[in-house]
Amino acid sequence: VSAGEMITASRQFGQGVRVTGNDDEASVATFTENAPTARYIHLSDVQRGDSSGIEFYDGTASLSSIREAGITAAVVVISQNAEARALSRQAHALATAGATYIVASSWLVDEGVRGRFLYNFYEAMNRDRPAYVAIGEARRTAAGEGNNNGYFDPSWWAQYILYGRI
């Protein structure tokens, strides 16, 4: 788990944020227990498990178990290196489970850049922007943050794909 990405992004939230690191808390059981009540779910640096499931510290959450998780989250964020087919299968399982929007990355860049991008995304969401507007605002902010930061290049922020209903 990329603690830097999650901690930076979680600064948009007050109390009640649970950041679980790459230890026994980052488990299938923790995901299954918390998924039905979480407003946002953020899975950072996850690995693709068997049959495109999501790999946790203690094993893989299969696509079928994800579909049955009863997710009520407004947004699920998944940061990972993944093939497009696996990514779309995971997004479909999360949407079937009830997630309104899924923001998934198809490749990983520097965790500081990811953290700032997702901080801006969550900031827009907390201003009651729909996810499709929030991701656009985060992209524009990343591309326009100073002329010399190098992040104007889409390779730093274009990996995030939004799945869901508009």
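Between the side chain of S65 and the backbone N or O of A61, no donor-acceptor pair lies under 3.5 Å. Proximity of a side-chain donor or acceptor of D58 to a complementary backbone N or O of V28 within less than 3.5 Å is detected.
Contact check for I78 versus I54: side-chain heavy atoms found under the 4.5 Å cut-off. Contact annotation: the side chain of L43 approaches that of F56 to within less than 4.5 Å [non-hydrogen atoms, C-beta and beyond]. Side-chain contact check for S79 versus L118: some heavy-atom pair is nearer than 4.5 Å. No side-chain heavy atom of E137 sits under 4.5 Å from any side-chain heavy atom of N120. Within the 4.5 Å cutoff, the side chain of F31 has heavy atoms near those of the I71 side chain.
Of the residues listed (R48, R85, Q80), the one engaging Q90 in a side chain to side chain donor-acceptor pair (under 3.5 Å) is Q80, and it is the only one. When each of I135, L87, I102 is tested with I161 by the rule side chain to side chain contact (heavy atoms under 4.5 Å, CB included), just one qualifies, namely L87.
Partners of Q159 according to the side-chain contact (heavy atoms from CB on, under 4.5 Å) rule, which considers only residues two or more places apart in sequence or in another chain, are S105, S106, W107, V109, R114.
Closest non-hydrogen pair, P130 versus M125, comes out as C-SD, 4.1 Å. In terms of heavy atoms, A69 sits closest to P36 at O-CG, 3.4 Å. The minimum heavy-atom distance between E55 and G49, with the atom names listed, is OE1-CA, 3.7 Å.
To the nearest 0.5 angstrom, S88 atom OG is 5.5 Å from Y163 atom OH. Note that the CZ atom of F121 and the CG atom of N126 stand 10.0 Å from one another [nearest 0.5 Å]. Note: N34 CG to I41 CD1 = 8.5 Å, rounded to the nearest 0.5 Å.
Taking the charged nitrogens against the carboxylate oxygens, R129 and E123 have no contact shorter than 4.0 Å, which rules out a salt bridge.
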- Item | Worked check of side-chain contact (heavy atoms from CB on, under 4.5 Å) between L162 and Y132 | CA-CA 7 Å; L162 179 66; Y132 58 89; 3.6 Å; yes

Show me the donor-acceptor pairs within less than 3.5 Å that the side chains of residues 91-100 make with the rest of the protein, sequence neighbours left out.
residue, atom, partner, partner atom, Å
T96, OG1, H92, O, 2.8

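Ring centroid separation for the pair Y122 and Y40 comes in under the 6.0 Å cut-off.
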